[in-house]
Amino acid sequence: MLHVVHQGVAPYAIASLVTHHFMNAIGGITLGELDRQLKTEAWQHYKNWCRTRKSVVCPTSSMFSSQRFGRDSWQTYPELASCYKGAMVKYLIFWTDMFLQEKVAQNDTEQNRLRAHCAYSLAQFQFLQEVSGPWLTEPVAKEMHDMGRTFLLFYQKLAVKTKGEFPEKKCIRWCQSSIVFCTCASLW
């Protein structure tokens with residue numbers, strides 16, 4: 001799970017979903033404005049989220065920025081920087097879910113719901129892994145499979161939709177890790 005999810009799929013998904021939110025929320029956003037939003041709104045939300053879960057969360061002290069979310073340029077795909085280690089990425093999965101769920105509550109649009117459902121599916125996949133231990137029962141394995149597959153379907157839909165909306169920008173990467181994740185999810 002560490003290599004496939006926490007160091008494979010999740011760094012792309014988290015960075016893509018969060019930066020895509022700001023791209024949709026702020027029409028014509030510049031890289032400088034994206035950097036400011038990540039350093040202020042997203043980072044503050046993350047710190048508050050960690051504060052309320054300090055007994056269970058392994059927080060990062062690496063402030064969010066466009067560079068750390070792989071947005072130095074519109075010609076590169078978003079990806080969390082290596083300063084966010086696997087143990088932290090695991091919790092960033094849950095934070096991303098909460099952050100995007102709150103964005104839907106504030107502004108219920110199709111794009112916000114699509115990102116939120118995608119993040120929720122990945123978080124549920126991770127949650128089931130966390131609470132089920134090393135040996136999965138058949139119902140849990142099926143639910144993990146369903147959540148993994150649902151995540152991939154939402155992620156793919158976002159990737160296709162975003163390519164049409166922002167043809168000059170690389171926003172959501174459909175990567176090799178997603179194929180591996182899909183294969184692993186189908187094994188369960």
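Residues: numbered from 1 along the sequence shown. Given the structure is predicted, the values throughout are model-derived calculations rather than measurements.
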Test log, rule side-chain contact (heavy atoms from CB on, under 4.5 Å), inputs Q126 and M147: CA-CA 9 Å; Q126 179 62 46; M147 287 294 106; over 6 Å; no
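- With a 4.5 Å cut-off on side-chain heavy atoms, P11 and Y84 do not count as touching.
- For M98, the side chain to side chain contact (heavy atoms under 4.5 Å, CB included) partners two or more places apart in sequence, or in a different chain, are H45, W49, R53, E102.
- Transitive grouping of hydrophobic side chains (ILVMFWY, heavy atoms separated by less than 4.5 Å) brings V18 and L31 into a common cluster.
- Residues V131 and M144 are members of one and the same hydrophobic cluster, defined by side-chain heavy-atom contacts under 4.5 angstrom among Ile, Leu, Val, Met, Phe, Trp and Tyr.
- The CG atom of N107 lies 10.0 Å from the CZ atom of R113; values are rounded to the nearest 0.5 Å.
- Looking at every heavy atom in both residues, A10 comes nearest to V89 through CB-CG1, 3.6 Å.
- Put simply, V57 and W43 are part of the same group of oily side chains (I, L, V, M, F, W, Y) that touch within less than 4.5 Å, one to the next.
- To the nearest 0.5 Å, atoms OG1 (T96) and NE2 (H21) are separated by 11.5 Å.
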Pair S16, Y155 - check side-chain contact (heavy atoms from CB on, under 4.5 Å), show working. CA-CA 10 Å; S16 294; Y155 194 75; 3.6 Å; yes
Would you list the atom pairs, donor with acceptor, under 3.5 Å between side chains in residues 118-125 and any protein atom, with sequence neighbours excluded?
unit_1, atom_1, unit_2, atom_2, d
S121, OG, H117, O, 2.9

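- For the pair L17 and F99, the minimum side-chain heavy-atom distance is 4.5 Å or more.
- Residues that satisfy the side-chain hydrogen bond (donor to acceptor under 3.5 Å, both in side chains) test with E33, not counting sequence neighbours, are R36, Q37.
- Proximity of a side-chain donor or acceptor of Q101 to a complementary backbone N or O of A116 within less than 3.5 Å is detected.
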Could you give me the CA-CA distance, side-chain angles and deciding distance for F127 and I93, then say whether side-chain contact (heavy atoms from CB on, under 4.5 Å) is met? CA-CA 10 Å; F127 175 76; I93 291 169; over 6 Å; no
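- A donor-acceptor contact shorter than 3.5 Å is absent between the side chain of R68 and the backbone of E79.
- Using a 4.5 Å cut-off between side-chain heavy atoms of Ile, Leu, Val, Met, Phe, Trp and Tyr, with links allowed through other members, W74 and Y12 fall into the same hydrophobic cluster.
- To the nearest 0.5 angstrom, F64 atom CZ is 11.5 Å from T40 atom OG1.
- With contacts defined as side-chain heavy-atom distances shorter than 4.5 Å, the pair T150/F154 qualifies.
- Within the 4.5 Å cutoff, the side chain of R115 has no heavy atoms near those of the K103 side chain.
- Put simply, the side chain of T19 never gets that close to the backbone of L34: no donor and acceptor are under 3.5 Å apart.
- In this structure, the salt bridge (charged side-chain N to carboxylate O under 4.0 Å, His left out) partners of K161, at least two apart in sequence or on a different chain, are E110.
- Judged purely by atom type and a 3.5 angstrom limit, Y46 uses its side chain to pair as donor or acceptor with the backbone of T60.
- Going from atom CG of L128 over to atom NZ of K142 covers 12.0 Å, rounded to the nearest 0.5 Å.
- In this structure K39 satisfies the side-chain hydrogen bond (donor to acceptor under 3.5 Å, both in side chains) test together with D35, sequence neighbours excluded.
- Following chains of ILVMFWY side-chain contacts shorter than 4.5 Å, one can reach M63 starting from F69, so the two form part of one hydrophobic cluster.
- By the side-chain hydrogen bond (donor to acceptor under 3.5 Å, both in side chains) test, D72 pairs with no residue at all, sequence neighbours left out.
- Contact of the M88 side chain with the L80 side chain is not registered, since no non-hydrogen atoms from C-beta on lie closer than 4.5 Å.
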